Amino acid sequence: NAGVMQNPRHLVRRRGQEARLRCSPMKGHSHVYWYRQLPEEGLKFMVYLQKENIIDESGMPKERFSAEFPKEGPSILRIQQVVRGDSAAYFCASSRNRGNQPQHFGDGTRLSIL
Amino acid sequence: AQTVTQSQPEMSVQEAETVTLSCTYDTSENNYYLFWYKQPPSRQMILVIRQEAYKQQNATENRFSVNFQKAAKSFSLKISDSQLGDTAMYFCAFSDTGTASKLTFGTGTRLQVTL
């Protein structure tokens, strides 16, 4: 009974490159959330998706960041033209339903920008 | 917008003792959910305990229990019989029951369990 799977665990990019972070939710879960954790801070909500739909992207920067959760395959968080300030741990969480079901987290992807 | 405040950046407790971590929140909602998550050095986010606001009974999970005071908007976590493996960052989180149900986290309390 696999949990939420995120890959890669660590990702190193140079400024200006693209970063792609992947998240496969737990079996039976159709709701995916992305959070960002800056060093020594709590997690901050970025975006909430259901299959093929973005439900809430109020926490995501308007430029360079995008997210998708296709009908088949994992959810992808994409960061274009990365900058040093994008260095953080990015966590994905999934739930069976919204609201009354707890969110289960993956181990996170630590993104480092050189 | 909801806010979650954890006023204790760091706490220390001796093994086998009891420690309480504080959390307050602000919301205009009447029904919502509150959570405590644990983040050990491995960086995993592990759900410790969950409380539904409409339930008056405080949630309990083995050595972990909460003191939920709805009127005061307070949600503290009590860890009994502390173990070395409890050493971690502890985050309090809030979720409403609306469309998004995103989690709003506090800044965390770093708990160190010592011998």
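It should be emphasised that the depicted structure is a prediction, and the values quoted were computed from it without experimental measurement.
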Is A/Val47 reachable from A/Ile55 through a run of hydrophobic residues whose side-chain heavy atoms are each under 4.5 Å from the next?
no
Crowding at CG, B/Asn62 (>12 non-hydrogen neighbours, <6.0 Å)
no
Atom CE of A/Met5: over 12 foreign heavy atoms under 6.0 Å
no
With a 3.5 Å cut-off and no angle check, do the side chains of A/Lys44 and B/Thr104 form a donor-acceptor pair?
no
Determine, using the 4.5 Å side-chain heavy-atom cutoff (strictly less than), whether B/Val13 and B/Leu21 are members of one ILVMFWY cluster.
yes
Might you confirm whether atom NZ of B/Lys78 has over 12 heavy atoms from other residues, nucleotides or ligands at distances under 6.0 Å?
no
Does B/Ser101 form a side chain to side chain contact (heavy atoms under 4.5 Å, CB included) with A/Tyr33? I'd like the steps, not just the answer.
CA-CA 10 Å; B/Ser101 301; A/Tyr33 304 77; 4.0 Å; yes
Most contact-rich option vs chain A, by heavy-atom pairs under 4.5 angstrom, among B/Gln44, B/Gln6, B/Met89, B/Arg43, is B/Arg43
Only pairs of heavy atoms separated by less than 4.5 Å count here; which of A/Gly108, A/Gly42, A/Ala93 has the most with chain B?
A/Gly42
Here the pair of heavy atoms bringing A/Gln103 nearest to B/Lys102 is NE2-CA, 4.3 Å
Kindly determine whether B/Gln39 and A/Gln37 satisfy side chain to side chain contact (heavy atoms under 4.5 Å, CB included), including the steps that lead there.
CA-CA 12 Å; B/Gln39 187 177 42; A/Gln37 184 178 29; 3.1 Å; yes
Heavy-atom nearest pair, B/Ser42 first then A/Arg9, reads O-NH2, 3.0 Å
Could you state whether A/Phe105 and A/Met46 fall into the same hydrophobic cluster, counting links through intermediate Ile, Leu, Val, Met, Phe, Trp or Tyr residues with side-chain heavy atoms under 4.5 angstrom apart?
no
In one Ile/Leu/Val/Met/Phe/Trp/Tyr side-chain cluster, 4.5 Å: B/Ile79, B/Phe75
yes
Stepwise, does the side chain to side chain contact (heavy atoms under 4.5 Å, CB included) test hold for B/Leu103 with A/Phe45?
CA-CA 7 Å; B/Leu103 290 169; A/Phe45 168 78; over 6 Å; no
So which part of B/Tyr32 gets closer than 4.5 Å to some heavy atom of chain A, the side chain, the backbone, both or neither?
neither
Anything in residues 107-115 of chain B with a heavy-atom distance to chain A below 4.5 Å? Please list those residues in order.
B/Thr107, B/Arg110
Which is it for B/Met45 and A/Leu43 under the side chain to side chain contact (heavy atoms under 4.5 Å, CB included) test, yes or no, and what are the steps along the way?
CA-CA 10 Å; B/Met45 288 292 290; A/Leu43 279 71; 3.9 Å; yes
Do B/Val19 and B/Phe68 share a hydrophobic cluster (ILVMFWY, side-chain heavy atoms under 4.5 Å, transitive)?
yes
Under 6.0 Å from the CD atom of B/Glu29, do we count more than 12 heavy atoms belonging to anything else shown?
yes
